[in-house]
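The basis for the numbers below is simple: all heavy atoms, side chains too, and nothing from hydrogens, waters or symmetry mates. Naming convention: chains lettered A, B, ... in sequence-line order (proteins, then strands); numbering from 1 in each chain.
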Amino acid sequence: MGSPWPVASPDMADEAPPQRYTAALANEIERKWQDRWEEQHVFDTPNRTGLLSEDPRHIADRPHLFVLDMFPYPSGTGLHVGHPLGYIATDVYARFQRMNGYNVLHAMGYDAFGLPAEQYAVQTGTHPRTTTEQNIATYRRQLRALGLGHDPRRGPATTDVQYYRWTQWIFLQIYDSWYDEDAQRARPIATLVQELRAGRFPTPDDVPFDELDPLEQRRLVDSYRLAYEAYAPVNWCPALGTVLANEEVTGDGRSERGNFPVYRRPLRQWMLRITAYADRLLDDLESLDWSESIKLMQRNWIGRSTGASVRFPVEGHDDLDIEVFTTRPDTLFGATYMVLAPEHPLVDVITTNQWPDDQLANDFASNPLDAWKGLFGATDPPPDAVSRYRDFAAAKTDLERQTETREKTGVFVGAFAVNPTNGARIPIFIADYVLMGYGTGAIMAVPAHDQRDFEFAREFELPIVAVIRPTDEWLAEHEASPNDATTWPEAYVGDGVGQNSANPEVSLDGLRVEDAKRVISEWLERSGLGRPAVTYKLRDWLFSRQRYWGEPFPIVYDDAGPIALPESMLPVVLPDLPDFEPVTSDDPDAQPEPPLARAVDWVEVELDLPGPEWAGYGDGPRTYLRETNTMPQWAGSCWYYLRYLDPTNEDAMVDPEVERAWAGGTRLDGSPKAGLVDLYVGGVEHAVLHLLYARFWHKVLFDLGHVSTKEPFQRLVNQGYILAAAYVDDRGAYVDAALVEEHDGRYFFEGKPVTREFGKMGKSLRNAVAPDDLYRDYGADTLRLYEMFMGPLDKERPWSTADIVGVHRFLQRLWRNFVDEGTGASRVSDEPADEETRRLLHRTIDAVHADMAALSFNTAIARLFELNNYLTTLVQGGGVLPREVAVPLTLMVAPLAPHVAEELWARLGHADTITYEEFPQPDARWLVEERVEVPVQINGKVRARVEIPVGADAAAHEAAARAEPRIAELLTGATVRQLRVVPGKIVNFVVA
RNA sequence: GCGCGAGUGGCGGAAUUGGCAGACGCGCAGGAUUCAGGUUCCUGUGCCCGCAAGGGUGUGGGGGUUCAAGUCCCCCCUCGCGCACCA
């Protein structure tokens with residue numbers, strides 16, 4: 001290619017002055033300091049007591065601060081620049097607080113069990129242990145190159161046998177506990193046996209516990225455990241070959257991981273009784289410094305509703321009631337029919353063989369039976385109609401139920417219940433808008449005051465009785481009569497006063513909703529018809545997976561059921577299985593087949609189990625079968641932060657004394673902490689998964705006395721995602737974003753136009769940017785600074801490689817202010833700084849300190865830019881940098897760009913690391929200004945500015961403003977109707 | 001549908017309790033250095049009118065409160081997230 005000009009060298013470093021801060025110099029500095037930090041154990045954090053209490057720096061007595069990242073899942077593709085955003089932020093904060101005198105715990109482990117690691121292993125045909133180890137090594141290398149100040153001794157992988165041994169131990173703690181509703185906490189299972197012996201809880205047929213046979217005793221005790229086996233409908237994902245927790249299934253009924261269809265199938269699975277903790281998980285959110293939106297997501301997921309449970313007698317079944325849950329007991333008089341979920345067990349009992357033609361004519365003015373029979377009962381008697389409707393409802397997938405217009409369907413079952421308030425006969429229906437999984441799976445329908453019931457009632461010609469008088473505005477707007485709900489266009493769900501709601505014993509007429517709820521609830525309880533009740537959306541946590549790459553359960557089986565292994569038999573090591581692949585299928589009716597079942601020699605095991613005397617085993621060596629399911633990915637991540645505290649302890653998950661030391665301290669407002677971790681940073685995607693599960697485990701451990709804190713994470717910050725441009729070609733396929741070129745605002749890939757969109761950085765969008773490329777082109781300090789400068793930590797932000805030069809230039813100028821680019825000589829001098837410089841310096845210190853404490857790193861960096869730009873003009877042209885500025889500037893840069901700060905610190909003559917130096921404090925003398933510039937407005941528009949001594953009074957402000965020529969001119973001939981002076985802030989003349 | 005959050009220059013973003021909108025960075029324009037490109041440094045840069053002085057206008061749209069509104073109130077629009085027949 002013949003160029004008219006000499007071709008420039010691609011590597012400008014060749015031509016740069018020898019001591020310029022280029023990528024090459026940055027890399028050299030960074031490698032040097034990373035090695036030194038490691039050799040000198042700079043980030044080894046001492047515990048006050050126990051195993052890691054060696055403390056050469058004498059920092060163990062300082063106040064403790066625990067700064068935590070959501071640890072990474074080491075994927076096969078390595079890091080992209082979106083991953084370390086949070087890690088950099090916590091590192092800056094941790095370094096900042098070390099300089100403020102805290103003993104800071106900051107470490108990084110790896111969440112390495114679970115589906116993605118196994119999927120990756122399947123794809124590459126390599127054993128997951130091998131790929132996991134490789135991936136962790138890659139992550140460690142990439143994170144080390146970022147200069148993160150982690151304690152290298154405290155970063156376990158969840159796949160380490162010495163780690164998952166304690167995951168299994170915690171499972172045993174959960175298994176060996178029951179929830180004492182009276183004490184509102186979990187207690188060891190041995191105390192349950194005492195309570196059973198004392199007769200506190202019912203036993204089968206009221207036989208005293210000690211007279212039950214051992215097997216019955218065992219089953220009774222097992223039914224109370226916090227970890228239990230249940231045969232229940234679960235989320236079965238044949239394409240993944242495993243069942244999934246509710247939290248792992250998306251709203252449209254697919255797997256969060258892989259987006260495969262999920263089916264509800266009854267299967268025998270391990271469950272954890274998280275529902276026992278629903279109230280505490282909800283209430284204790286108050287004590288946490290989390291964003292309202294995350295708290296809200298957890299509240300919604302737990303879904304507590306308070307109301308009443310009411311029993312409705314069924315006609316013709318003297319011994320049978322249908323129990324419903326309602327949040328609106330005040331509308332009970334308006335219940336004109338009932339609905340059961342199609343799967344409700346009572347449906348088979350109450351469905352009649354014939355349609356009740358003759359009876360109906362007496363009770364209902366026009367015979368509505370044809371409408372009630374609907375589509376499904378039109379030609380069939382009730383049992384067939386019910387059966388057909390059930391098939392229809394079961395065939396709907398979650399997706400169909402969601403996308404379909406919510407037309408109400410259902411069928412009358414031929415039977416009647418009685419409204420207990422007024423004795424009215426009310427027909428019983430089944431309909432799929434009532435869900436078996438919520439409440440009691442049955443509702444009382446009040447069509448006048450519930451929109452769903454209203455729609456159903458219209459569809460099936462059911463009576464609509466108004467028992468709340470709507471507001472006059474509502475009635476006027478809908479041109480409706482207060483008393484005749486048949487004229488209403490929709491249900492009235494707002495507040496109002498009761499009407500048509502009285503019987504000889506109780507009247508709600510004239511009462512407002514809140515009062516009516518109270519009065520009717522009292523009546524229900526007095527009459528033995530109901531009681532206050534609370535229900536939750538939260539379900540127990542499905543805890544087993546039919547996959548290989550997870551923690552084995554410390555459970556074996558005999559003929560009668562599961563038996564927990566004693567602690568002394570831990571760890572149960574995951575056997576090395578050459579054929580680890582899951583059995584996957586497209587068939588919804590396929591059965592789960594755990595891969596571990598193939599490890600025949602491992603599954604069948606002879607043990608001499610000690611067992612408690614009441615449990616019916618413990619009679620010498622016997623053959624047992626091991627549990628072949630594994631734990632879900634979330635198990636290891638539920639407690640890793642606890643292991644960081646005491647990672648080498650072989651006698652305990654964590655030494656309680658060590659946990660107490662790190663738990664001490666206060667919240668930002670000075671009140672005591674509820675949570676162990678002071679600052680937790682991670683993505684919002686774990687709002688109802690990891691963050692709920694970990695809180696649950698922590699509370700169990702708290703109840704059992706293993707930790708002193710009732711919550712794991714005191715303060716939570718969700719970092720925003722880094723977005724990046726992705727490009728789609730005309731076939732809709734993503735093209736490599738790195739190869740796209742822009743011309744005149746349009747984008748081209750290999751000469752063909754492509755369209756731009758923004759999305760999360762990742763392999764599938766082909767827009768990932770690798771940190772290694774940026775280390776090479778700019779250095780790690782530049783990357784750190786750029787990611788912190790892009791915007792507020794909790795906001796998503798678009799990646800722009802082009803913008804990086806800005807922060808790189810900052811570091812270059814910083815370096816040049818300290819070091820002569822040509823000779824390498826120092827430009828720092830002992831000359832004192834002038835007043836202006838001092839004022840700027842101390843203002844900067846003041847602002848940077850506050851910004852860093854508030855995690856506002858972007859504005860802290862902007863302040864440092866300003867100071868540095870000012871110094872650049874001071875130093876250039878042969879000037880010098882006063883040491884009294886150079887020292888605090890270096891200290892302020894240290895948390896953000898630690899490598900270059902260490903280098904400058906050393907060049908300032910210090911032998912030791914900058915890590916534990918004190919962060920600069922502003923000198924109040926230099927913060928107070930003598931004069932301040934105040935804007936002068938006329939009718940709210942700024943017309944001039946005047947300089948005024950600080951502390952001047954309003955009169956002085958007015959005088960100064962009037963003396964300003966331009967203001968004087970504008971005020972000439974005008975009438976000042978009003979004058980506002982906010983001293984030091986503003987002067988505003990209001991003129992006619 | 002319900003709930004939550006957000007809309008500020010060409011771009012990323014600043015702006016205690018209402019008190020100078022646009023800090024800082026990118027980009028762009030001009031200049032210095034250079035044979036030249038790049039680099040580095042300086043100056044300017046919301047928009048409109050104007051040679052300038054200056055004036056007008058401006059924080060998604062509309063209205064309101066106030067001496068003063070990005071900030072408070074009401075209505076609406078757009079985008080993002082969460083939930084979705086939860087009785």
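The nearest pair of heavy atoms linking A:L538 to A:E247 is CD1-OE2, 4.2 Å.
Across the C1' atoms, B:C35 and B:U43 are found 26 Å apart, a figure rounded to whole Å. Of the C1' atoms belonging to B:G38 and B:U33, the separation is 12 Å, rounded to the nearest Å. B:A29 and B:C79 have their C1' atoms separated by 34 Å, with the value rounded to a whole Å. Taking the C1' atom of each, B:A68 and B:C72 are spaced 13 Å apart, rounded to whole Å. Remark: the separation of the P atoms in B:U45 and B:G82 is 43 Å, to the nearest Å. On the P atoms, B:G22 is 29 Å away from B:U39, given to the nearest whole Å. Taking atom P in both B:G70 and B:A21, the straight-line distance is 8 Å, to the nearest Å. Using atom C1' as the reference point in both B:U71 and B:U65, the two lie 14 Å apart (nearest Å).
Each of A:S800 and A:R328 was assigned the nucleotide of RNA chain B with the nearest heavy atom; the assignment lying further toward the 5' end belongs to A:S800. In terms of position on RNA chain B, the residue among A:N939 and A:R943 whose nearest nucleotide sits closer to the 5' end is A:R943.
Taking only side-chain atoms of A:S305, from C-beta outward, the nucleotide of B:G19, B:A87, B:C67 with the closest atom is B:A87. Looking at the side chain of A:Q937, the nearest of the listed nucleotides B:G19, B:A14, B:C67 is B:G19. Nearest to the side-chain atoms of A:Q876 among the listed nucleotides B:G12, B:C41, B:C20 stands B:C41. Nearest to the side-chain atoms of A:L296 among the listed nucleotides B:C41, B:A87, B:C4 stands B:C4. Here the side chain of A:R797 is nearest to one of B:A14, B:G13, B:U17, namely B:G13. In the set B:C67, B:A87, B:C42, the nucleotide with an atom closest to the side chain of A:T873 is B:C42. Among the nucleotides B:G25, B:C83, B:A87, the one closest to the side chain of A:K537 is B:C83. Listed nucleotides: B:C83, B:A87, B:G82. Nearest to the side chain of A:M297: B:G82. Checking B:A87, B:C20, B:G12 against every side-chain atom of A:F325, the shortest atom distance belongs to B:A87. Of all nucleotides listed (B:A21, B:C85, B:G82), B:A21 comes nearest to the side chain of A:V942.
Checking B:A29 for Watson-Crick or G-U wobble geometry (two distances, each under 3.5 Å) identifies B:U43 as its partner. Base pairing of B:G70 is not made with any nucleotide, judged by Watson-Crick or G-U wobble geometry with both donor-acceptor distances under 3.5 Å. Pair check for B:G7 finds B:C77; Watson-Crick or G-U wobble, both atom distances under 3.5 Å. Across all strands shown, B:G1 pairs with B:C83; the Watson-Crick or G-U wobble distances both stay below 3.5 Å. Figure legend. B:U59 is base-paired to no nucleotide; pairs are counted as Watson-Crick or G-U wobble with both atom distances under 3.5 Å. The pairing partner recorded for B:A23 is none, the criterion being a Watson-Crick or G-U wobble arrangement whose two distances lie under 3.5 angstrom.
Ring geometry, A:F810 versus A:F865: the interplanar angle falls under 30°, so the pair is classed parallel (tilted spans 30 to 60°). Classification of the A:H686-A:H690 ring pair by plane angle, with boundaries at 30° and 60°, yields perpendicular.
Residue A:V982 is classed as a base contact, given a heavy-atom separation below 4.0 Å to a base. Looking at heavy-atom distances under 4.0 Å, A:E292 makes no contact with the nucleic acid at all. In this structure, A:R304 reaches neither bases nor backbone, as no heavy-atom distance under 4.0 Å exists between it and the strands shown. If you check every strand for non-hydrogen atoms under 4.0 Å, A:R813 touches sugar and phosphate atoms only.
Not one N or O on the side chain of A:S856 forms a donor-acceptor pair closer than 3.5 Å with the backbone of A:M852. Judged purely by atom type and a 3.5 angstrom limit, A:R962 has no side-chain atom pairing as donor or acceptor with the backbone of A:A960. No donor-acceptor pair closer than 3.5 Å links the side chain of A:R539 to the backbone N or O of A:I274. Listed for the A:R863 side chain is no donor-acceptor partner under 3.5 Å among the backbone atoms of A:D851.
In this structure, B:G9 is classed as syn because its glycosidic torsion stays within 90° of zero.
Taking atom CD of A:Q451 as the reference point, atom C1' of B:A84 lies 15 Å away to the nearest angstrom. The separation between A:R863 atom CZ and B:A15 atom C1' is 11 Å, rounded to whole Å. If you measure from atom CD of A:E787 to atom C1' of B:G13, you get 16 Å, rounded to the nearest angstrom. Regarding A:I861, its CD1 atom lies at a distance of 12 Å from the P atom of B:A14, rounded to whole Å. Taking atom CG of residue A:L979 and atom P of nucleotide B:C67, one finds them 13 Å apart after rounding to whole Å. A:L814 has its CG atom 15 Å from the P atom of B:U40, to the nearest Å.
OP1 or OP2 of B:G25 has not a single side-chain nitrogen or oxygen of A:N858 nearer than 4.0 Å. Here A:R756 does not reach the OP1 or OP2 of B:C11: none of its side-chain N or O atoms lies under 4.0 Å away. Listed pair A:Q812 / B:U40 meets the phosphate criterion, a side-chain N or O lying under 4.0 Å from OP1 or OP2. Of the side-chain N and O atoms in A:N988, none sit less than 4.0 angstrom from OP1 or OP2 of B:U66. Dashed line: the shortest gap from a side-chain N or O of A:R816 to OP1 or OP2 of B:C41 is under 4.0 Å. Distances shown here put a side-chain N or O of A:K941 below 4.0 Å from the OP1 or OP2 atom of B:U57. The phosphate of B:C81 (OP1 or OP2) has no side-chain N or O of A:S293 nearer than 4.0 angstrom. The shortest distance between the side-chain N/O atoms of A:R809 and the OP1/OP2 oxygens of B:G27 is below 4.0 Å.
In this structure, A:K408 satisfies the cation-pi test against A:Y433, with its NZ or CZ atom closer than 6.0 Å to the six-membered ring centre and inside 45 degrees of the ring normal.
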Where do A:E323 and A:T440 land on the side chain to side chain donor-acceptor pair (under 3.5 Å) test, with the steps shown first?
-> CA-CA 7 Å; A:E323 190 172 5; A:T440 62; over 6 Å; no
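For A:K408 against B:C85, a side-chain-to-base donor-acceptor contact under 3.5 Å is present.
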